[in-house]
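First listed ligand is number 1; within each ligand, the first listed atom is number 1.
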Amino acid sequence: MADYIVGDIQGCLSGLKALLSKVDFNAHTDTLYAVGDLIGRGPEALDTLAYLYSLGDNFKTVLGNHDLNLLAIHCGARRAKKADKLDGVIASLDFAKYCAWLRQKPLAMLVGSDILLTHAGLYPAWSFDKALALSAEISDVLQSQQWQLIVNSMYGDNPNSWNDELVGDDRQRFIINAFTRMRFLEKDARLEFNCKTKPCDAPKSLLPWFSMQNPNLTSTQKVVFGHWAALNGETNSEQFIALDTGFVWGGCMTLLCVNTMKRLQN
Ligand SMILES: [Mn+2]
């Protein structure tokens, strides 16, 4: 009955399977959580989706930017890029089935009562409750018949700052960008999308999102996220746990055991 959270899989099923065998993962009694980006850039996209789908309720994930990209390809909002290595999924008879399955996944979820799981992180103006409510706003649309509208309007970098009065496409785009694309913020908390380096290599005007004070968090709350391979798992904080260690780029894949909060890599 163990719970595990895996970093970005990105279509690298062999890396995931190697990690799961190290912990004797039991697909009937244990639960695997993922930080999103299940597919994208890695060689085994279709097999990865088939395996994760087969786990049923013992697999839970939030959505990452690559997962949303697959939905956008499915409804014609985006064209597949060769580098994403999604051809096998797109040609599969199960393409629609996997997209319908992904549309049921949220942008943020709790693991237990004190861990918030998201793909890119927690925007510093938001509490856990706020994040879950905003994630639910997006899920309401993604799970409706109107889901293609949001997938068509979600691309773009603006607005880059949050306020509670945002409505419509702008509100949805900011929420999706913060949960799936965020890395650095300007000092006034505007999202900055161009810099993807390690924090020490970034312009001095930029702060990693987790370095900006979040007055809403209690000392026991932790945020587990992926997306930012250049961090290589380092945030210098026990409260913010980065799990993307760049397996798809030749790095390793990281599995966090929730019960012990210990990390394992391959
Ligand atoms: Mn990502």
Lys/Arg-Asp/Glu bridge criterion (N-O < 4.0 Å) met for Lys130, Asp164: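 Yes, Lys130 and Asp164 are salt-bridged.
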Atoms of protein origin (N, O or S) under 2.8 Å from the Mn ion (ligand 1): Asp37 OD2, Asn65 OD1, His119 NE2, His227 ND1
Salt bridge check, Asp157 against Arg173: does any charged N sit closer than 4.0 Å to a carboxylate O? no
Going by the ring pair (Phe, Tyr, Trp, His ring centres under 6.0 Å) test, name the single residue among Phe240, Tyr123, Phe184 that passes it with Trp209.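 Exactly one candidate clears the test, Phe240.
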Do side-chain atoms of Asp170 reach the backbone of Asn158 as a donor and acceptor pair under 3.5 angstrom?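 Flag not set: sc Asp170 to bb Asn158 has no pair under 3.5 Å.
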Determine whether Met182 and Phe210 fall in the same hydrophobic cluster, where Ile, Leu, Val, Met, Phe, Trp and Tyr are linked whenever their side-chain heavy atoms lie under 4.5 Å apart.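 They do share one cluster, since a chain of ILVMFWY contacts under 4.5 Å joins Met182 to Phe210.
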For Phe174 and Trp162, take the angle between the two ring planes, folded into 0 to 90°, and tell me which bin it lands in: parallel under 30, tilted 30 to 60, perpendicular over 60.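 Correct class here is tilted.
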